[in-house]
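Okay, structure first, notes after.
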There are 2 protein chains.
Amino acid sequence: MAVDLRPSQALKLLHDLNHEMVRDDDRDLSARQITILLTVYLEPPPHTVRGLAAKLNVTKPVITRALDTMGRMELLQRRRDPADRRNVVVQRTVKGALYVERLGDLVVAKAKELPL
Amino acid sequence: MAVDLRPSQALKLLHDLNHEMVRDDDRDLSARQITILLTVYLEPPPHTVRGLAAKLNVTKPVITRALDTMGRMELLQRRRDPADRRNVVVQRTVKGALYVERLGDLVVAKAKELPL
DNA sequence: AAGGATCGTTTCGGATCCGTATCATTTCAG
DNA sequence: CTGAAATGATACGGATCCGAAACGATCCTT
């Protein structure tokens, strides 16, 4: 329990962050896509379509389509589960790891710029 | 320069935040809409369509449509500038202020829960 | 081996959003 | 007073996303 933040700082952080992401990224990820991406990169594997859908409280097609999109961007990749070939395991990619790392650094930088 | 955050904490914060917003809001605001909303609520008025478009680096119709949408949600309201009736000033609403306040509190709460 | 259950994908109709181009209104300079 | 400039709104075609339902592939029980 360490990161203390006042509401005004929180809102400015949120604003600056969204501003930055909207401003330069032509094709920005939606909130759902970011949540999926971060879930895969932060929580322990394996990640299945069904599991992600349940965790995010959305339907399975939403996950399938998000994987299509982010797969095309090479931020994530599908792989069939060899043990149970009905399952699809969602895995990280080098490009995705870089993207996530950049995202984290952006938040850190914006937080550091916040006024007291 | 006060709010220190490690990248792993930043990513978890981002994840938890997006997760929360995706999970319960059926109809979530886009990154652009959130940026517009927070700009109006955090930066000093007046806010015009043209000004917001320039600040966010998007076209004017994007702002017009966002105002349509968020106006229907009563998070913002338009008003004609009496001094120059070509201008539209974007103003806050009670409902919008509550929404923004809730958003700020959510970030604060999620930040407080972060592991050291 | 057969039937049902599970999983991810696809299809469908509908809604939303985008940027470009155009439009109506208002202001202002000559 | 008239025409150009500026502002926000609208029309349009295209892209994307949504949830519900149907579908094919795979597994599992019996």
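Just so it is clear: chains get the letters A, B, ... in the order the sequence lines come, proteins before strands, and each one is counted from 1. Computed from a predicted structure; not experimentally measured.
Nucleotide C:dT16 holds its P atom 15 Å from the CE atom of B:M70, rounded to whole Å. For B:D68 and C:dA15, the CG to C1' distance is 15 Å, given to the nearest whole Å. Whole-Å rounding puts the A:R85 CZ to D:dC28 P distance at 13 Å. Remark: C1' of C:dC17 and CD1 of B:I36 are 12 Å apart, rounded to the nearest angstrom. Note: CZ (B:R79) to P (D:dG8) measures 14 Å, nearest angstrom. In this structure, A:R32 places its CZ atom 13 Å from C1' of C:dT16, rounding to the nearest Å. As rounded to whole Å, 15 Å separates atom P of C:dC17 from atom CG of B:L56. Atom-to-atom, CG of B:L67 to P of D:dT10 comes out at 12 Å; the value is rounded to the nearest Å.
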Under 3.5 Å, which protein N or O atoms sit close to an N or O of nucleotides 5-7 of chain D? Give each pair with its distance.
{"unit_1": "D:dT7", "atom_1": "OP2", "unit_2": "B:R50", "atom_2": "NE", "d": "2.9"}
{"unit_1": "D:dT7", "atom_1": "O3'", "unit_2": "B:N87", "atom_2": "OD1", "d": "3.2"}

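Summarising the geometry, atom CG belonging to A:D68 is positioned 11.0 Å from atom CE belonging to A:M73; distances are rounded to the nearest 0.5 Å.
Checking A:P82 against A:V58, the closest nucleotide of DNA chain D that is more toward the 5' end is the one next to A:V58. Residue order along DNA chain C, read from the 5' end via each residue's closest nucleotide, puts A:P61 first among A:P61 and B:T59.
The phosphate of C:dT9 (OP1 or OP2) has a side-chain N or O of A:T64 nearer than 4.0 angstrom. When the side-chain nitrogen and oxygen atoms of A:Q33 are compared with OP1 and OP2 of D:dC17, one or more of them lie within a distance under 4.0 Å. Phosphate proximity of C:dG8 to A:R78: absent, as no side-chain N or O sits under 4.0 Å from OP1 or OP2. Between A:T69 and D:dC17 there is a side-chain N or O to OP1 or OP2 distance below 4.0 Å.
Under 3.5 Å, the side chains of A:H15 and B:T39 contain a donor-acceptor pair of N or O atoms. Under 3.5 Å, the side chains of A:S8 and A:R6 contain a donor-acceptor pair of N or O atoms.
Applying the salt bridge (charged side-chain N to carboxylate O under 4.0 Å, His left out) definition to pairs two or more places apart or across chains, those involving residues 84-96 of chain A are A:E74-A:K95, A:D84-A:R86. Sequence neighbours left out, the pairs with a member in residues 34-47 of chain B that pass salt bridge (charged side-chain N to carboxylate O under 4.0 Å, His left out) are B:E43-B:K55.
Judged by distance alone, with hydrogens and angles left aside, the side-chain atoms of B:E113 form no donor-acceptor pair with the main-chain N or O of B:K110 at under 3.5 Å. A:Y99 contributes no side-chain N or O that, together with a main-chain N or O of A:L75, makes up a donor-acceptor pair within less than 3.5 Å.
Looking at heavy-atom distances under 4.0 Å, A:V62 makes contact with sugar-phosphate atoms alone, never a base. Nucleic acid contact for A:R65: base, since at least one base atom lies under 4.0 Å from a heavy atom of the residue.
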